[in-house]
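Right, one structure below, let's go through it.
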Amino acid sequence: AMATSAMVGQGEVLTGTTIMACTFDGGVVLGADSRTSSGNYVANKVADKITKVCDKVYLCRSGSAAHTQAVAGYANLYLNQHAIELGEKGVSVKSAATIVKEIAYTNKEWMNAGMIVAGWDKAQGGQVFAVPMGGTLMEVPFAVGGSGSIYINAFVDKNWRAGMTRDECKAFVRKAVSLAISRDGSSGGVIRTVTVDAAGQNKEMVPGDQVARYQDEHLPTLGSNAPIFT
Amino acid sequence: MPQLSDLIGSFVDDKICYDTGYQAPSQPATHTTQPIVTGSSVLGLKYKGGVILAADTLGSYGSLARFRDIRRITTVGKNILVGASGDYSDFQKIQELLEEVVAEDYCLDDGRTHTAKEIHSYLGRVLYGRRNKMDPLWNTLVIAGVENGNSFLGQVDLLGTQFEDDTLATGFGSHIARPLLRNAYNENLTEEEARKIVLDCMRVLFYRDARTIIKIQ
């Protein structure tokens, strides 16, 4: 958006990205690619764009790496203080999302951050909140974000359904992110997922060579076109 | 020999001079932003003893139909409606401000709550004040309510323009729907007739406005 395209030439680091989060029956699955680009250069091919902001609540980050890391840092600070006051009760996902929204909205003129807050709390179970650029706060059953999201909006609309199991949801997220990586030059690397439910939180990764490939991405296996490496 | 002016924006620690890089701005800060997540038209129509508002439930992100089930019309107290087109995050901020107004009424507990006309004035001053700071809330708002059987319908926009009328439409609706509403309006409309007229206008907007969806509130 605003300042960014002017600064990319000078090396501002962006998370040209695919991020998403989905509710399932009993929790949420967050997913993201791992490519951080600085112009056309891949500054980090194993980035972690899913950041913990408090116990059982995570933030998916897209846009400027600097801006979103700063937001995550401040959100973590305020939520730690909030958690101390609440004690055993635990911070709600909505509170965490509202803090993120306040930072994004108040600084809307110069910030370049599209974020998704998702997690689990005892009162409401798994929840996903979208905080797009500008600082709107929307609770949604699933959300996609980042430059790669445009390629999977329709796929996700068609294939998400309420009441999926944990494994179905994880497979769905991985499939969606792999499709986005397939088409978006700014997305790539590994597929990271975080699953949050009553039992706890589970961070996993699909290595780059195991990410699904589609159509003309497939490498031929026989004859003179055999690849040098797979 | 360093001049005092050289030292502005720096500080000295023992023998090391740090330059903080601060320079006094040559122009005052302006904040005029661009709307990001936006809502399209809001329609308003008075009828005998009431007023009806309509809006679709779409939050657009540029040309992307990003959020397809948002609420762009909110209630204030028991008998006032506020509808918004324009930036949705700024409308969420306005809703927070209106909550504060309602809470103040509740705490004063003096038997009076803000009327629709007073809310219209309040929002008009808020939006005009922000425009003068070159930091607008990027919305066009429709305020509607009923007092003692008299219907009220007013509009405020991001520039602070404030007025009342029997028919209102924001955004695309101001071009397409407002003439239709004006034609159909008379002061003896029933609620059923008014609803029919407004829904017909929403249908025309769905045909002709590229940033609408079929679902309305």
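Lettering of chains follows the sequences in order, A, B, ..., and the numbering in each one begins at 1. Hydrogens, waters and symmetry mates are skipped; everything else that's a heavy atom, side chains included, is used.
- A:Leu137 touches chain B through backbone and side chain together, each having a heavy atom under 4.5 Å away.
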Check step by step if side-chain contact (heavy atoms from CB on, under 4.5 Å) holds for B:Asp69 and A:Met138. CA-CA 10 Å; B:Asp69 190 32; A:Met138 288 288 309; over 6 Å; no

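- No more than 12 heavy atoms of other residues, nucleotides or ligands lie within 6.0 Å of NZ in A:Lys94, so this atom counts as exposed by the packing criterion.
- The neighbour count for B:Phe67 CZ, taken as heavy atoms of other residues, nucleotides or ligands under 6.0 Å away, is above 12.
- If you measure heavy-atom distances from A:Val144 to chain B, the contacts under 4.5 Å come from the backbone alone.
- Of the atoms belonging to A:Glu102, it is side-chain heavy atoms, and not backbone ones, that fall under 4.5 Å from chain B.
- Neither the backbone nor the side chain of B:Arg71 comes within contact range of chain A; no heavy atoms are under 4.5 Å apart.
- Between A:Gly134 and B:Ser89, the shortest heavy-atom distance links the atoms O-OG, 3.1 Å.
- Around the NZ atom of B:Lys215, the shell of radius 6.0 Å holds more than 12 heavy atoms that belong to other residues, nucleotides or ligands.
- Across all non-hydrogen atoms, the minimal contact from A:Gly135 to B:Gln92 is O-OE1, 4.2 Å.
- Atom OG1 of A:Thr136 is separated from atom CG of B:Asp87 by 6.0 Å, given to the nearest 0.5 angstrom.
- The CE atom of A:Met133 sits 4.0 Å away from atom OH of B:Tyr61, with the distance rounded to the nearest 0.5 Å.
- Contacts of A:Ala104 with chain B are absent, with no heavy-atom separation under 4.5 Å from either backbone or side chain.
- Atom CZ of B:Arg130 has more than 12 neighbouring heavy atoms from other residues, nucleotides or ligands inside a 6.0 Å radius.
- Summarising the local packing, CZ of B:Arg68 is surrounded by 12 or fewer heavy atoms from other residues, nucleotides or ligands at distances under 6.0 Å.
- With a 4.5 Å cut-off on side-chain heavy atoms, A:Lys108 and B:Asp90 count as touching.
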Checking A:Thr106 against B:Lys93 for the side-chain contact (heavy atoms from CB on, under 4.5 Å) test, could you report, in this order, the C-alpha distance in whole Å, the side-chain angles of both residues, the deciding distance, and whether it holds? CA-CA 10 Å; A:Thr106 309; B:Lys93 182 69 180 183; over 6 Å; no

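- Around OH of B:Tyr128, the count of heavy atoms belonging to other residues, nucleotides or ligands within 6.0 Å does not exceed 12.
- How far CD of B:Gln34 is from CD of A:Glu109: 11.5 Å, rounded to the nearest 0.5 Å.
- Here the closest non-hydrogen pair linking B:Arg66 and A:Pro132 is NH1-CB, 3.7 Å.
- A salt bridge links B:Glu96 with A:Lys101: at least one charged nitrogen is closer than 4.0 Å to a carboxylate oxygen.
- The environment of A:Tyr74 atom OH is sparse: at most 12 non-hydrogen atoms of other residues, nucleotides or ligands sit within 6.0 angstrom.
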